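The structure under discussion appears below in the form of structure tokens.
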Amino acid sequence: MIPEFANKVLIWFDQHGRKDLPWQQHPTPYRVWVSEIMLQQTQVATVIPYYGRFMQRFPDVLTLADAPQDDVLKLWEGLGYYSRARNLHKTAQRVRDEYACVFPTDRADMETLSGIGRSTAAAILSLSHGQAHAILDGNVKRVLARYHAVAGWSGEPRTLKQLWEHAEHHLPTQRNADYTQAMMDMGATLCTRSKPLCLLCPLQDGCKAFQQGKPQDYPGKRPKKDLPEKTALALLLRNNDGELLLQHRPPTGIWGGLWSFPEFADETAMADWLAQHFAQTCIVAARLPTLTHTFSHYRLHLQPLQVDLDAHPARIMEGNGWLWYKADTHFTGGLSAAVRQFFQNIE
DNA sequence: AAGTCGGGGCG
DNA sequence: CGCCCAGACTT
């Protein structure tokens, strides 16, 4: 049975929906899963080249599970939210070890995997197996919030609950994969955040926000709070081969698992560290322009200080989370956008 | 300059 | 449960 809402969505999909996205070709759970994780944080146009490189390097879940984490982060470089790449890797290993490389087909089992919550599990099972589950990503939230004039912000539990109820209510028992894709497409191409194309929308008739004449008022906005400002020093330590020291960051926190310049709260901390590791006084060769990086919850001002070593450094720093970065050689670890930008500037 | 995004993790 | 965390991109 296909409810009227879903019927309209499906008719629109047949004419206007996207059917040629890379992950729509051979939509196996693995291929859909990787695309969904990438799409959680990034728009389709940006994801496509990343997805192609990722599938080329990791064509199946076993290849991904067996790869070094550095390789995974390298292909994620620039996408942000690096915990998702780490979760992707971890989940691949669980699917290899606990499910013999075959993704579970039960939604509850799927949701125990790292990085897969209710909506992502539903999307994978819907798009790859046609199972009838509702999704609720940002696009679908917008469509439903407008159609039903749900005013609150989806970060509020009761608003989220209402949206899930609407999503479940409209679910068709047939053509679920097309319906899921259609809802995402409508949110992305028609029911956009600003300037929605209501005149082209198949749901215009029943849409409460349209009737009110103010689709832009939905969904409700996250209450804003001002960002704390933080500052730190980034040490650009150069040895006499012209190589720069990179530090493997801890697995959690900002830029987790990526490689970046050693960071210090102040020059005293930096000087102490240099004295301890290189028996060298801290002679700052250059103070480079401050880099400002904005995260969702604070703004970071990084002051790069260049220090040149006069003696050849001991090689004890190699391995164990440290390396000397050679500008002209291939480096397999992941770099944050800030570090990459920095390297681009000096090259 | 401000808004966006789904899920993890903690108390 | 309620709250905070994470980053590069679009508008």
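Owing to the predicted nature of the structure, the values given are computational and were not obtained by experimental measurement. What's counted below: heavy atoms across the whole structure, side chains too, no hydrogens, waters or symmetry copies.
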For residues 98-107 of chain A, please give each side-chain donor-acceptor pair under 3.5 Å, one per line with the distance, not counting sequence neighbours.
residue	atom	partner	partner atom	Å
A:Glu98	OE1	A:Arg94	NE	3.4
A:Glu98	OE1	A:Arg94	NH2	3.0
A:Glu98	OE2	A:Arg94	NE	3.0
A:Asp106	OD2	A:Ala108	N	3.1
A:Asp106	OD2	A:Asp109	N	3.2
A:Arg107	NE	A:Glu111	OE2	2.9

By salt bridge (charged side-chain N to carboxylate O under 4.0 Å, His left out) - contacts of A:Glu156 (at least two apart): none
Counting the atoms with a prime plus P, OP1 and OP2 as sugar-phosphate, which does A:Ile37 contact under 4.0 Å by heavy atoms, base, sugar-phosphate, or nothing? nothing
Under the rule for side-chain contact (heavy atoms from CB on, under 4.5 Å), what residues qualify as partners of A:Gln56, not counting sequence neighbours? none
Could you go through nucleotides 8-11 of chain C and list every protein N or O atom that sits under 3.5 Å from one of its N or O atoms, giving the distance for each pair?
residue	atom	partner	partner atom	Å
C:dA8	OP1	A:Tyr82	OH	2.9
C:dA8	OP1	A:Ala337	N	3.2
C:dA8	OP2	A:His293	NE2	2.5
C:dA8	O3'	A:Gly78	O	3.3
C:dT11	O3'	A:Ser194	OG	3.4

Those residues of residues 19-32 of chain A lying under 4.0 Å from DNA chain C by at least one heavy atom: none
Picking from B:dG8, B:dC5, B:dG7, which would you name as closest to the side chain of A:Asn87? B:dG8
Please check if any side-chain donor atom of A:His148 sits under 3.5 Å from a side-chain acceptor atom of A:His170, or the reverse. yes
Could you pull out all donor-acceptor pairs under 3.5 Å where a side-chain atom in residues 201-216 of chain A meets a protein atom, sequence neighbours excluded?
residue	atom	partner	partner atom	Å
A:Gln204	NE2	A:Cys198	O	3.0
A:Gln211	NE2	A:Asp205	O	3.0
A:Gln212	OE1	A:Tyr218	OH	2.6

Select base, sugar-phosphate, or nothing to describe what A:Ile135 touches, counting heavy atoms under 4.0 Å on all strands. nothing
Salt bridge (charged side-chain N to carboxylate O under 4.0 Å, His left out) partners for A:Glu263, two or more places apart: A:Arg249
Residue pairs involving residues 127-139 of chain A (criterion side chain to side chain donor-acceptor pair (under 3.5 Å); sequence neighbours excluded): A:Gln131-A:His133, A:Asn139-A:Arg142
Kindly write out the residues that satisfy side-chain contact (heavy atoms from CB on, under 4.5 Å) with A:Arg57, not counting sequence neighbours, or none if the list is empty. A:Thr63, A:Ala67, A:Pro68, A:Asp71, A:Leu75
